Student: 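Quick one: structure below, then a few questions.
A quick note: this is a predicted structure, and the numbers were derived from the prediction, not measured.
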Amino acid sequence: MAAARSQLVASLGDLESVHQFQIVFYNEEPTVFQPDRSRPPYILFATGENKSLAKRFVEDIPALGGTRHLEAIKLALGMSPDVVFFLTDAAEPQLTPSELAEIRRRNRSEATINSIEFGSGPRGRGENFLERLATQNRGKHVYVDVTKLP
């Protein structure tokens, strides 16, 4: 989780005010970055204020509970993004073929979904659900060995 936070905060810093973003954390249920609680979740411009609030949001999210990938992806796709960066340790449960098909059906905005997998040590052999998720949604999959991060 520390590696994902660090990478996410660094990425936020690279955004210019014309860029838009949204952050959805998930474990037992999705938690959306929502500075204006009077509105449903939406994509925000990367103003200095929004980036500062987003950094605080990222730093305050606890890492606990189970992993429910599908709900978080459906929530993100509901905001009609152009690109989704899906960061996870690929822990159980895996997305099933029928769940991956549901994601493709819900991806009406044809968002590119990139998956970033965090692991410890060399990546195991064979394709996993994160690679399939990225491939099926015109994205790329990257494995990050957290033992090699500073």
Side-chain angles (χ1 to χ4, degrees), residues 1-119 127-144 146 149-150:
M1 183 68 163
R5 284 182 210 272
S6 175
Q7 296 287 22
L8 182 53
V9 168
S11 294
L12 285 170
D14 291 340
L15 296 176
E16 296 179 15
S17 62
V18 295
H19 297 129
Q20 293 178 286
F21 73 99
Q22 180 50 270
I23 302 167
V24 179
F25 273 100
Y26 68 99
N27 47 33
E28 293 296 326
E29 62 184 49
T31 303
V32 180
F33 172 57
Q34 196 172 353
D36 181 355
R37 300 247 179 230
S38 69
R39 296 178 58 182
Y42 59 98
I43 297 175
L44 299 106
F45 280 97
T47 63
E49 179 183 5
N50 284 341
K51 290 192 301 185
S52 178
L53 291 169
K55 181 179 181 214
R56 191 170 327 129
F57 171 76
V58 169
E59 292 168 347
D60 289 345
I61 290 290
L64 45 93
T67 304
R68 296 175 58 178
H69 308 294
L70 185 60
E71 289 87 349
I73 293 173
K74 287 178 0 184
L75 180 61
L77 291 175
M79 291 182 261
S80 300
D82 294 328
V83 180
V84 172
F85 290 92
F86 187 67
L87 290 70
T88 183
D89 62 3
E92 297 295 330
Q94 303 258 330
L95 287 170
T96 66
S98 64
E99 290 171 327
L100 289 168
E102 180 180 351
I103 290 167
R104 284 192 311 277
R105 280 191 307 275
R106 288 179 175 269
N107 192 359
R108 291 188 190 104
S109 66
E110 297 188 2
T112 299
I113 301 177
N114 298 295
S115 60
I116 298 100
E117 176 181 356
F118 291 90
E127 185 181 63
N128 67 20
F129 78 97
L130 290 173
E131 291 172 289
R132 288 188 293 276
L133 174 67
T135 299
Q136 293 171 3
N137 293 279
R138 294 164 310 288
K140 299 215 183 295
H141 171 265
V142 175
Y143 177 80
V144 177
V146 298
L149 294 175

Student: Is it the case that the side chain of Q20 and the backbone of P81 share a donor-acceptor pair, with hydrogens and angles ignored and the cut-off at 3.5 Å?
Tutor: no
Student: Is N128 reaching over with its side chain to a backbone N or O of L130, donor-acceptor style, under 3.5 angstrom?
Tutor: yes
Student: Mind checking whether D36 and L44 have side chains closer than 4.5 Å, heavy atoms only?
Tutor: no
Student: If we ignore hydrogens and angles and just use 3.5 Å, is the side chain of R68 paired with the main-chain N or O of Y26 as donor and acceptor?
Tutor: no
Student: Kindly compute the distance separating OG1 (T31) from CG (D60), expressed to the nearest 0.5 Å.
Tutor: 11.5 Å
Student: Which pair of heavy atoms, one from N50 and one from F45, lies closest together, and at what distance?
Tutor: ND2-O, 2.8 Å
Student: Quick one: are T135 and H141 in side-chain contact, heavy atoms under 4.5 Å?
Tutor: no
Student: For S11 and Q7, indicate whether the former's side chain and the latter's backbone hold a donor-acceptor pair under 3.5 Å.
Tutor: yes
Student: Give the C-alpha distance, both sets of side-chain angles, the deciding distance and a yes or no for side-chain contact (heavy atoms from CB on, under 4.5 Å) between M79 and V24.
Tutor: CA-CA 11 Å; M79 291 182 261; V24 179; 4.1 Å; yes
Student: Does CD in Q136 sit with more than 12 non-hydrogen atoms of other residues, nucleotides or ligands closer than 6.0 Å?
Tutor: yes
Student: Hey, would you say the F85 and F21 ring centroids sit under 6.0 Å apart?
Tutor: no
Student: Donor-acceptor pair, distance only, cut-off 3.5 Å: does the side chain of R138 make one with the backbone of E110?
Tutor: yes
Student: Students often mix this up, so state it plainly: with edges at 30° and 60°, are the rings of H69 and F86 parallel, tilted or perpendicular?
Tutor: perpendicular
Student: If you compare all heavy atoms of Q34 against all heavy atoms of R39, which two are closest, and at what distance to 0.1 Å?
Tutor: NE2-O, 2.5 Å
Student: For the NZ atom of K51 and the OG atom of S17, what is their distance to the nearest 0.5 Å?
Tutor: 8.0 Å
Student: So, does R5 use its side chain to make a donor-acceptor pair with the main chain of I61 at under 3.5 Å?
Tutor: yes
Student: If I take atom CZ from residue R104 and atom CG from residue L133, how far apart are they, to the nearest 0.5 angstrom?
Tutor: 9.5 Å
Student: From L8 CG over to L87 CG, what is the distance, rounded to the nearest 0.5 angstrom?
Tutor: 6.5 Å
Student: Ignoring hydrogens and angles, tell me if any N or O in the side chain of Q22 forms a donor-acceptor pair with the backbone of F33 under 3.5 Å.
Tutor: yes
Student: Within a radius of less than 6.0 Å around CG of D82, do more than 12 heavy atoms belonging to other residues, nucleotides or ligands occur?
Tutor: no
Student: Once you round to the nearest 0.5 Å, how far does CG of L77 lie from CZ of R105?
Tutor: 12.5 Å
Student: Does any non-hydrogen side-chain atom of V84 lie less than 4.5 Å from one of N137?
Tutor: no
Student: Which pair of heavy atoms, one from F118 and one from V146, lies closest together, and at what distance?
Tutor: CD2-CG1, 3.8 Å
Student: Quick one: does N114's side chain have a donor or acceptor within less than 3.5 Å of a partner on G139's backbone?
Tutor: no
Student: Can you find a pair of side-chain heavy atoms, one from E117 and one from E131, that are under 4.5 Å apart?
Tutor: no
Student: Which value, rounded to the nearest 0.5 Å, describes the distance between I23 atom CD1 and I43 atom CD1?
Tutor: 12.0 Å
Student: Could you check whether atom NZ of K55 has more than 12 heavy atoms from other residues, nucleotides or ligands sitting under 6.0 Å from it?
Tutor: no
Student: Does atom CD of E71 have more than 12 heavy-atom neighbours from other groups under 6.0 Å away?
Tutor: yes
Student: What is the minimum heavy-atom distance between P41 and V32, and which atoms define it?
Tutor: CB-CG1, 3.6 Å
Student: State whether the number of non-hydrogen atoms from other residues, nucleotides or ligands found under 6.0 Å of E127 atom CD is greater than 12.
Tutor: yes
